[in-house]
Structures are given as structure tokens and as C-alpha cells.
Amino acid sequence: MTDIRSYFPLLSQTVNGKPLVYLDNAATAQKPQAVIDVVNELHASLNGNIHRGIHYMAEQCTARYEAARERIRAYINAEKAHEVIFTAGTTAGVNLVAFAFGERYVRAGDEVVVTEMEHHSNIVPWQLLCERKGATLKVLPLTDSGELRMDRLPALLSHKTRLLAVAQVSNVLGTVNPLEEIIRIAHAAGVPVLVDGAQGVQHGRTDVRQLGCDFYAFSGHKIYAPTGVGALYAKEKFLDEMPPYQGGGDMIKTVTFAKTTYADLPYKFEAGTANYVGAIGLGAAIAFLETLDAAALQAHEQQLLRYATERLQRINGLTIYGSAPQKGSIVSFSLSGIHHLDVAQILDKLGVAVRSGTLCAEPVMQRYGVTGMARASFAFYNTLHEVDALAEGLEKAKKLITN
Ligand code: PLP
């Protein structure tokens with residue numbers, strides 16, 4: 001782990017006079033030097049707007065942007081590079097589908113299904129769509145342990161259901177959802193599936209063809225790439241049939257005031273100057289991950305999860321939310337008698353960064369009857385020693401507040 005950590009310059013800092021213990025990886029992950037170098041290189045010595053110029057700078061940037069698309073295609077095993085659309089992140093990808101899919105396929109009286117564990121980014125775009133079209137949002141509920149009520153899924157899907165949107169991994173409960181089973185059931189009912197991969201893509205390989213999902217959205221910044229870029233995988237059939245999401249430069253074939261025709265895929269869905277620096281940075285992040293032993297890193301993350309769960313459970317008055325047998329390296333909790341914001345603030349004074357609040361998932365808070373939670377989320381560069389620092393910090397917080 002010492003070796004891995006040395007790739008991430010930010011991790012060796014001190015915060016508030018203490019060594020930084022960064023446990024907010026589900027919010028955003030830190031960047032390896034390889035990604036920082038690529039972004040710096042582009043800004044310092046290689047910058048030209050893609051797909052437009054025929055000069056050296058533009059052509060080089062275009063080639064590297066398209067190479068990044070191809071790298072993502074291979075990484076998630078999409079069939080075709082033009083099934084990968086660059087976006088600003090997961091939220092942008094979900095909004096793109098909610099708008100364009102909604103325009104094409106959703107009518108008054110139709111239904112869209114989400115789950116009770118979704119991040120707001122995979123709820124609100126569907127609510128907007130339903131409001132626009134007079135459709136209804138249906139919700140697949142959770143069990144107390146934070147798993148989806150799979151027994152309820154078949155009855156939720158009907159001839160009115162146009163799409164099911166579900167997280168790969170819950171950003172609060174850590175639950176890894178049984179996607180293959182969900183997709184099989186949905187497809188048997190003729191319902192396409194969008195997977196929110198924001199908390200899944202960084203924890204081992206996702207194969208969109210094996211999953212069979214129709215849409216898969218993820219964010220670069222959670223997979224060690226720059227902020228403000230992400231990708232949306234969509235099956236060609238849908239991309240062909242859906243109208244453009246946004247209009248502007250690069251997404252057109254010809255424009256006249258009488259009629260505009262649209263560019264071929266994937267450009268039909270990439271209006272305006274793309275974040276090509278971010279996209280090339282995302283390609284570099286994936287190239288970096290490909291040099292590492294994914295299975296070993298995943299095993300280490302699972303070890304951190306087990307150790308943190310055991311260690312935190314020993315703290316009197318601490319409740320962990322989410323105990324699914326398949327969990328990503330996320331531990332959300334509350335400490336009796338201490339507000340979650342105070343927990344995070346005291347930990348910060350000790351150099352330990354955790355998230356606190358509603359975690360962009362208010363329905364999950366409502367499900368567990370709390371106003372918020374604190375959350376520690378681990379990346380492969382975290383250590384068991386950092387879990388100890390978290391647990392010791394929580395003991396200190398308890399003493400400070402309850403004495
Ligand atoms: N979905 C899930 C499950 C998330 O955890 C997040 C971010 O935390 C998002 C969607 C939104 O990601 P972004 O803000 O990068 O668009």
C-alpha cells in the first residue's frame with residue numbers, strides 16, 4: 001500500500017497539523033500523478049479544440065480524445081466506441097437519458113421505476129421527466145439491511161413501465177445490487193435498465209455486455225480522473241432512436257434555418273466543446289488502473305470494509321446503516337447523542353476526512369428515520385492504520401461531546 005499511496009501526491013499532506021486520513025472517496029477520489037501529468041501536459045503544451053481545426057494541436061487533441069473513448073469502451077467492454085458518450089459525469093448522463101429517452105418513449109400514463117436507495121441524481125431527473133410527460137414514478141423499497149426488495153420487483157413492472165433506473169452500489173448503504181438478476185427480470189418484462197455506476201465503476205471491472213444493461217452512467221472524478229467529465233454507455237439502438245439532448249456545435253451534420261440534421265453517433269449527443277482535457281485525463285486514469293492488480297486492490301478494499309465494520313461496531317452507541325452481504329467499501333453510521341455534522345467536524349480537526357449529511361439520498365435517511373449520517377468510504381490507497389485513526393477519532397468525539 002505504501003507503493004500505491006506514493007502515486008497519489010495529495011495523500012502525503014497534513015491537515016490541521018495531522019497526517020491527512022482521506023476517507024471521503026465515495027464523494028471524490030484523489031488523482032494519481034499519471035493523471036495530473038496528462039492534464040498539466042495538455043494545458044502546458046498540447047491544446048486545440050477537438051473535431052474542428054485541421055492544425056497540429058487540434059488534430060493531436062482529437063486523436064487523444066477518441067483514444068480515451070476507445071479505452072473506456074474496452075474497459076467496460078462496450079461493443080462499439082460510439083456507444084460511449086462523454087458527459088460531465090453521472091448526473092449529466094442520467095439527465096441525458098431522462099430527457100432523450102423520455103422524449104422518444106415516455107407518454108402520459110407510463111411509469112418509470114427507481115429504487116429507494118438511489119442518489120438524488122438518479123431520482124430527480126426521472127421526476128422531472130414524469131412531470132413533463134404525465135408519467136408516474138414507482139419505487140422499489142429496501143429491507144432493513146439495505147437490500148432491494150427483489151420479491152417486489154416483478155409486480156412493479158408492467159406494460160406501462162418504460163424504464164428501470166438502479167444504482168450499481170448504494171452511496172449510503174454500500175449495497176452491491178444484484179444487477180444481473182434485476183436486468184434479467186426487467187428485460188423479461190420488456191423494460192430497459194439504466195445503471196447508475198457512480199459507486200461501482202471504481203471497484204473492479206464492470207462489463208456492460210455481460211450485464212446486458214441498456215445504459216450505464218459514471219463519473220470520472222470517482223475513478224481517479226479529473227472532475228467534470230464522465231461517460232454514458234448506451235446501446236446503439238437507443239442512441240439511434242433518441243433525439244439529441246442538447247443542441248450546439250459538433251452535434252450537427254448541416255444547419256439551415258429550414259432544417260438541421262444531426263451528426264452521427266456519438267457526436268449527436270456531444271454538443272459544444274467537450275471537456276476533452278478531462279476526457280483524456282479519464283483515459284489516463286483507466287490506463288493507470290490497468291497497470292494495477294485489480295483483484296488485489298478489491299481484496300484490500302474489502303479488508304478495509306471488514307476491519308472498519310468490526311472496529312466501529314465496538315464503539316458504544318454507534319449504529320452502522322447497511323449490512324448487505326455484498327457491500328462496497330462504504331460505512332455510513334451515526335453516533336448516539338452526537339450530531340453527524342459534529343462527528344465530521346471533530347474528525348476533521350484530527351485530519352480525518354469523512355462525509356456527513358443526507359449524502360444526497362434523502363429517501364434513504366427517511367427510510368432509517370434519521371436526519372443525516374456520517375460516512376467513511378475507502379479507496380484502495382487507504383490503510384488499516386487509517387481505519388484505526390477513524391475509530392480513535394470517534395472515541396475522542398464521544399468523550400468530547402458526552403463528557
Ligand atoms: N449516483 C451515485 C450513486 C453517487 O454516489 C453520485 C455521487 O456521489 C452520483 C450519482 C452523482 O455523481 P456526480 O455528482 O459525479 O454526477
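Remember, it's 1-based here, ligands and their atoms both numbered in the order they're listed.
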Query raised in the report: ring pair (Phe, Tyr, Trp, His ring centres under 6.0 Å) with Tyr105: which residues, sequence neighbours excluded?
Result: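 Partners of Tyr105 by the ring pair (Phe, Tyr, Trp, His ring centres under 6.0 Å) criterion, ordered by chain and then number, come out as Phe101, Phe238.
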Query raised in the report: Which pairs count as salt bridge (charged side-chain N to carboxylate O under 4.0 Å, His left out) when at least one residue sits in residues 209-218, sequence neighbours excluded?
Result: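 Listed once each, the pairs are Asp214-Lys235.
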Report task. State whether Glu116 and Arg152 are salt-bridged, where the test is any N-O pair (Lys NZ or Arg NE/NH1/NH2 against Asp/Glu carboxylate O) under 4.0 Å. Result ->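 No, no charged N to carboxylate O under 4.0 Å.
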Query raised in the report: So, do Tyr224 and Phe380 have ring centers that fall under 6.0 Å from each other?
Result: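 Aromatic pair counts; centres sit under 6.0 Å.
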Query raised in the report: Does the separation of the ring centres of Phe288 and Tyr7 fall below 6.0 angstrom?
Result: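 Ring-ring flag for Phe288/Tyr7: true, centres closer than 6.0 Å.
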Scan the side chains in residues 245-253 for donor-acceptor partners under 3.5 Å anywhere in the protein, sequence neighbours excluded, and list what turns up.
from: Asp250; atom 1: OD2; to: His51; atom 2: ND1; distance (Å): 3.1
from: Lys253; atom 1: NZ; to: Asp264; atom 2: OD1; distance (Å): 2.9

Measure and list all N/O to N/O distances between ligand 1 and the protein that fall under 3.5 angstrom.
from: ligand 1; atom 1: 1 (N); to: Asp196; atom 2: OD1; distance (Å): 3.2
from: ligand 1; atom 1: 1 (N); to: Asp196; atom 2: OD2; distance (Å): 2.5
from: ligand 1; atom 1: 5 (O); to: Gln199; atom 2: NE2; distance (Å): 2.7
from: ligand 1; atom 1: 8 (O); to: His119; atom 2: NE2; distance (Å): 3.4
from: ligand 1; atom 1: 8 (O); to: Lys222; atom 2: NZ; distance (Å): 2.5
from: ligand 1; atom 1: 15 (O); to: Ser219; atom 2: OG; distance (Å): 2.7
from: ligand 1; atom 1: 15 (O); to: His221; atom 2: NE2; distance (Å): 2.7
from: ligand 1; atom 1: 16 (O); to: Thr90; atom 2: N; distance (Å): 3.4
from: ligand 1; atom 1: 16 (O); to: Thr91; atom 2: N; distance (Å): 2.9
from: ligand 1; atom 1: 16 (O); to: Thr91; atom 2: OG1; distance (Å): 2.6

